[in-house]
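Accompanying notes for the structure given below.
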Amino acid sequence: DQQVKQNSPSLSVQEGRISILNCDYTNSMFDYFLWYKKYPAEGPTFLISISSIKDKNEDGRFTVFLNKSAKHLSLHIVPSQPGDSAVYFCAANSNRFGNEKLTFGTGTRLTIIP
Amino acid sequence: GAVVSQHPSRVICKSGTSVKIECRSLDFQATTMFWYRQFPKQSLMLMATSNEGSKATYEQGVEKDKFLINHASLTLSTLTVTSAHPEDSSFYICSAPIAGVYEQYFGPGTRLTVT
């Protein structure tokens with residue numbers, strides 16, 4: 001049972017345009033959501049997160065939107081840069097204190113076209 | 001920021017041998033660490049939760065006798081792949097959360113190739 005889903009395995013976006021990566025979840029107990037970026041043969045690096053009490057969090061070029069009623073979140077990257085090409089994972093956490101395992105989505109491979 | 005290291009970064013071993021992978025939190029203490037594996041073009045699969053001073057908790061379908069986990073100190077967890085076979089070839093990644101912070105920090109991963 002895939003509780004966190006990323007239905008687009010890949011996405012190509014022109015440099016300078018907006019990249020929108022989507023993520024859906026089924027478990028209503030999740031209360032914290034995170035986006036990670038991963039390059040090949042490296043561990044994931046944390047990008048941005050959002051608590052379920054918010055519907056938007058922004059950090060530079062990255063913005064995460066959360067729609068709790070739809071159980072959907074998205075990551076917007078604008079403007080997209082070639083260095084953004086990587087696999088992006090969304091993840092969810094159901095424990096407020098952080099020492100709880102993350103449930104990951106299947107990932108979306110983002111390719112920025114110069 | 002918080003740093004998690006893994007050693008070795010890559011290892012090649014013969015079928016039937018055992019391989020130990022270390023995961024260290026470099027500037028913080030981690031009572032819990034997580035071990036993942038990633039197959040090519042697939043998501044991160046949580047294998048087990050490593051608990052300092054107690055037994056690891058394994059996810060369904062993960063053989064605890066094959067993937068031995070030891071969390072002997074607050075900064076070190078080890079994963080030993082015993083009697084490795086070619087199907088164990090994979091990318092193994094550990095992570096550690098910091099108490100009070102939601103984000104987990106990941107190590108750089110270990111590429112295991114069993115020949």
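Letters A, B, ... mirror the listed sequences (proteins, then strands); counts begin at 1. In what follows, every heavy atom counts, from backbone to side chain, and hydrogens, waters and symmetry copies are set aside.
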### Query
Above 12 or not: heavy atoms from other molecules or residues under 6.0 Å from CZ of A:R61?
yes
### Message
So, using side-chain contact (heavy atoms from CB on, under 4.5 Å) as the criterion, who are the partners of A:Q6 when residues are at least two apart?
### Response
A:C23, A:W35, A:F89, A:C90, A:T106, A:T108
### Message
Would you say B:F91 ends up clustered with B:L79 if hydrophobic residues are merged whenever their side chains have heavy atoms under 4.5 Å apart, either directly or through other cluster members?
### Response
no
### Task
Could you tell me which residues in residues 43-64 of chain B have at least one non-hydrogen atom under 4.5 Å from a non-hydrogen atom of chain A, sorted by residue number?
B:S43, B:L44, B:L46, B:E59
### Task
Following the transitive rule for hydrophobic clusters with a side-chain heavy-atom cut-off under 4.5 Å over Ile, Leu, Val, Met, Phe, Trp and Tyr, establish whether A:F62 and A:V64 coincide in one cluster.
yes
#### Entry: Cluster check A:V78, A:V13: I/L/V/M/F/W/Y, side chain < 4.5 angstrom
no
### Message
Restricting to non-hydrogen atoms, name the atom on A:K38 and the atom on B:I93 that form the minimum distance, rounded to 0.1 Å.
### Response
CE-CD1, 3.9 Å
### Task
Compare every heavy atom of A:Y36 with every heavy atom of B:Q104, then report the nearest pair and how far apart it is.
O-OH, 2.8 Å
### Query
Taking everything shown except B:H7 itself, do over 12 heavy atoms lie less than 6.0 Å from its NE2?
no
### Query
According to a 4.5 Å side-chain heavy-atom criterion applied to Ile, Leu, Val, Met, Phe, Trp and Tyr, with indirect links allowed, do A:Y88 and A:V4 form part of one hydrophobic cluster?
yes
### Task
Count the heavy atoms belonging to other residues, nucleotides or ligands that lie under 6.0 Å from CD1 of A:I113, then report whether that count exceeds 12.
yes
### Task
Would you check if A:V87 and B:Q38 make a side-chain contact, meaning some heavy-atom pair closer than 4.5 Å?
no
## Note on the structure
Checked B:P108, B:S9, B:G107 vs chain A; the most non-hydrogen pairs under 4.5 Å come from B:P108
